[in-house]
Amino acid sequence: MEEKDFIENELSQILASRLLDGKKQACNFLTYIVAETLAGRGEKITQYGIAIEALGKPDDFCPTDSPAVRVEAGRVRKLLETYYATEGKDSKIRIILPSGSYQPVFDSMAKSEPLVVQHFGPKSIQSLGPKVHICYPDTALIRDDSLRGLVYNMRSILPMVMGNFREVRIALARISPTKTPQGDELDIAWRQHQAEFLLQCTAEIVPNGFEIRFALFHTLTHEVVWSDSASLPAHHTQQTLETIFSQLIQETFSLHRGVAMAYWSRYWKTHGTIPSHYQVLVEHVAFIQDNAGETNLQTFMDACQTRTQRYHDDALAHLHYAVLCLYAYMFRGSTKTLLTNQWHRLALRALELNPGNALAHSIFALECFHRGDYEMGQVEIETARQVNPYDTTIGHLMAVGLCALRQWERAFTLMRDIAGLNSGYPDPLRTIPCLFYFRRGEFARIAANVPQYAELGGWETFGKLTTHCRTDDCKGCIHTLSASVDKANNHHKVSLLAVQPLWKNIKQRLSTPAPPLLEDMPVQNTTLQ
């Protein structure tokens with residue numbers, strides 16, 4: 001018998017079992033997804049297809065309005081688990097419905113060798129980002145009450161803060177060795193949790209309070225991606241801890257400058273084949289951190305189109321596709337007209353699929369400004385900042401968009417508040433805040449003093465940026481900035497872009513007054529004089 005015959009025979013056994021007796025919807029669901037997969041269409045299984053072809057729903061069925069398919073999928077998944085624990089425990093082949101997927105996998109139990117952990121499981125119907133395995137000290141071994149209390153707070157607050165960054169997934173662990181994780185510990189993080197990063201958090205008592213240390217490891221290469229520490233007063237508040245963790249995540253997992261995201265994107269870009277459910281985010285990070293050019297934009301767009309056409313409820317893909325529309329508008333390239341015409345539809349769809357996501361509110365806000373609906377745009381910007389006050393990436397993106405839409409005062413005020421920068425000499429952010437986003441603030445940091453500003457080309461470069469800006473030439477701005485930053489870096493032979501120490505950033509953020517509400521910002525739409 002061929003493998004297909006074995007699978008069809010196994011399906012017949014399941015459908016005839018006592019467990020599925022009388023469960024018509026579950027039988028129809030299972031029959032449909034197995035048949036589609038055997039026909040080579042497994043990756044194209046959608047909620048809508050299941051609803052119409054298997055569950056008998058009307059043609060106007062809307063997956064976003066009804067959870068019927070998701071509920072039935074969970075039911076079938078549990079039924080299969082129960083079947084193989086009881087009636088089907090001796091089956092030579094098993095039909096498994098992985099969590100988060102509608103495409104079944106077929107697991108042969110004929111061989112006696114131990115199961116090999118697959119490098120990746122079945123392709124997900126949702127685009128995803130990397131997963132991080134968080135490790136903390138074992139509180140049972142901590143004798144000092146204050147230190148044990150700090151670790152308990154770390155274990156509760158860090159996941160809460162990280163949970164606001166929707167592109168990152170979390171796998172928790174209770175115990176972390178105080179020493180550097182060995183290869184087998186990193187392998188376990190990958191095999192058991194499919195976590196590509198292990199974040200080790202440790203704390204110790206120091207004379208004036210505590211010191212928290214962080215180390216981030218890539219589990220597939222065993223490399224140390226990032227490490228830092230922060231001092232913490234003996235009497236600290238929850239806000240201080242939240243600020244520390246927020247800054248930690250900005251440095252590691254934010255889209256526009258996160259070192260872990262950059263490492264993750266480059267890792268998969270150099271491995272030939274990018275897992276399909278990673279492709280959208282991998283290409284977005286490559287575009288935003290490595291090369292904000294039209295070639296990378298096209299690659300990013302291809303990834304978005306592939307995912308959204310195949311999976312109509314892929315929330316992350318629709319969201320980042322909507323963000324891409326902003327980039328296309330800025331570049332004024334051949335894709336501008338096509339994508340700006342889709343911007344409204346994609347922004348609405350992104351908001352429907354990601355109602356609690358700050359980035360979704362941000363890109364919808366910018367689309368509102370693009371259409372001239374300034375009142376709704378203001379509401380959505382403030383909503384975005386309230387949904388996730390920890391993520392300054394959202395603020396950077398909104399400043400980029402407002403600048404591209406010639407909302408200069410709003411853009412500059414927002415960028416100044418988020419970046420914690422004043423409006424003194426020189427003032428590149430007022431001219432083109434999108435540059436701060438596309439090159440991770442490098443121009444602004446290097447231009448902080450006169451000698452370094454001269455290495456960027458001085459006022460000649462500044463004049464070029466202003467000229468590009470006045471003519472809506474964002475592409476020219478990005479090119480000029482990239483050339484000047486690269487020239488400055490080559491002059492020093494080492495990067496001038498080292499991020500400020502974590503604790504310095506934290507103290508700056510703690511001392512910075514709360515940003516004004518949008519109603520307090522200037523509302524005029526001005527151009528540079």
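Keep in mind it's a predicted model, so treat the numbers as computed, not measured.
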When rounded to the nearest 0.5 Å, the distance separating CZ of F106 from CG of L38 is 4.5 Å

Start with the C-alpha gap between F214 and E251, add the side-chain angles, then the distance that decides, and say whether side-chain contact (heavy atoms from CB on, under 4.5 Å) holds.
-> CA-CA 12 Å; F214 305 103; E251 303 292 347; over 6 Å; no

Return the orientation label for the Y48 and F61 ring planes: parallel under 30°, perpendicular over 60°, tilted otherwise.
-> tilted

Distance col, row D314:CG vs H318:NE2, nearest 0.5 angstrom, shows 7.5 Å

| Hey, are the side chains of Q298 and D302 touching, using non-hydrogen atoms and a 4.5 Å cut-off? | yes

Practice problem: Measure centre to centre between the rings of F253 and F197, then say whether the value is under 6.0 Å. | Solution: yes

Original post:
Between L297 and M301, is a side-chain contact (heavy atoms from CB on, under 4.5 Å) present by the stated rule, with each step listed?
Top reply: CA-CA 6 Å; L297 182 65; M301 183 173 71; 5.6 Å; no

Crowding at NZ, K44 (>12 non-hydrogen neighbours, <6.0 Å):
no

Requested in this report: Tell me yes or no: between the side chains of H320 and E167, is some donor less than 3.5 Å from an acceptor?
Outcome: yes

Between W264 and Y278 (judged by ring centroids, cut-off 6.0 Å), do the two rings come close enough to count as a pair? yes

dist C135:SG -> L198:CG (nearest 0.5 Å) comes out at 4.0 Å

Any side-chain to backbone donor/acceptor pair from S246 onto E242? Under 3.5 Å, distance only. no

request  = Describe, in one word, how the ring planes of Y267 and H271 are oriented to each other, choosing from parallel (under 30°), tilted (30 to 60°) and perpendicular (over 60°).
outcome  = tilted

Correct closest heavy-atom pair for G377 and A365 would be O-CB, 3.6 Å

*asked:* So does E8 get a backbone contact from the side chain of S12, meaning a donor-acceptor N/O pair under 3.5 Å?
replied: yes

In L346, L359, N354, L348, the residue satisfying side chain to side chain contact (heavy atoms under 4.5 Å, CB included) with F364 is L348

Review point. Would you call the rings of F300 and Y327 parallel, tilted or perpendicular, where under 30° means parallel and over 60° means perpendicular?
Key: tilted

task: Examine the side chains of D187 and H222 and answer whether a donor and an acceptor come within less than 3.5 Å of each other.
output: yes

Does R94 offer a backbone N or O that forms a donor-acceptor pair with the side chain of S91 under 3.5 Å? no

*Taking side chain as C-beta onward, heavy atoms only, is L128 less than 4.5 Å from L316?*
no

dist Q194:CD -> Q192:CD (nearest 0.5 Å) comes out at 11.0 Å

Interatomic distance, CD@Q279 vs OG1@T273, rounded to 0.5 Å, equals 9.0 Å

Q.
Would you say that Y102 contacts R70 through its side chain, given a criterion of any heavy-atom pair below 4.5 Å between the two side chains?
A. yes

All heavy atoms of A358 vs all of V387, minimum pair found to be N-CG1, 3.7 Å

Scanning both residues in full, the closest heavy-atom pair of S265 with V285 reads CB-CG1, 3.7 Å

*Run the numbers on T46 and D313 for side-chain contact (heavy atoms from CB on, under 4.5 Å), then give the verdict.*
CA-CA 8 Å; T46 63; D313 56 353; over 6 Å; no

Donor-acceptor check, side chain of S17 to backbone of I14, threshold 3.5 angstrom: yes or no? yes

When E53, R75, E72 are each screened for side chain to side chain contact (heavy atoms under 4.5 Å, CB included) with F29, the one that passes is E72

(message) Measuring only between side-chain heavy atoms, which start at C-beta, is W268 closer than 4.5 Å to L281?
(response) no

key: Q47 (side chain) donor-acceptor with H312 (main chain) under 3.5 angstrom   = no

Here the gap from I50 atom CD1 to N28 atom CG, rounded to the nearest 0.5 Å, amounts to 12.0 Å

Salt-bridge criterion met for R77 and E81 (N-O under 4.0 Å): no

| query | Distance-only, no hydrogens or angles: does the S362 side chain make a donor-acceptor pair with backbone N or O of A384 under 3.5 Å? | reply | no

- Task: State whether the side chain of Y321 and the backbone N or O of V280 hold a donor-acceptor pair below 3.5 Å, judged by distance alone.
- Result: no

Heavy-atom closest pair (Q126 atom, H277 atom, distance to 0.1 Å) is O-CB, 3.5 Å

In terms of heavy-atom contacts, A350 and L319 come closest through CB-CA, 3.6 Å

Side chain proximity check, T308 to R349, heavy atoms < 4.5 angstrom
no

Quiz item: Side chains of M261 and S254: closer than 4.5 Å at any heavy-atom pair?
Solution: no

Residues L326 and G401: closest non-hydrogen pair is CD1-CA, 3.7 Å

Exercise for review: Could you check L30 against L80 for side-chain contact (heavy atoms from CB on, under 4.5 Å), going step by step and ending with a plain yes or no?
Suggested key: CA-CA 10 Å; L30 186 58; L80 287 172; 4.1 Å; yes

Query - Student check: side-chain heavy atoms of T299 and F287 closer than 4.5 Å - result: no

query = Do V168 and T252 have side-chain heavy atoms sitting under 4.5 Å apart?
reply = no

Looking only at side-chain N and O atoms, does H218 offer a donor or acceptor that is under 3.5 Å from a partner on E223?
no

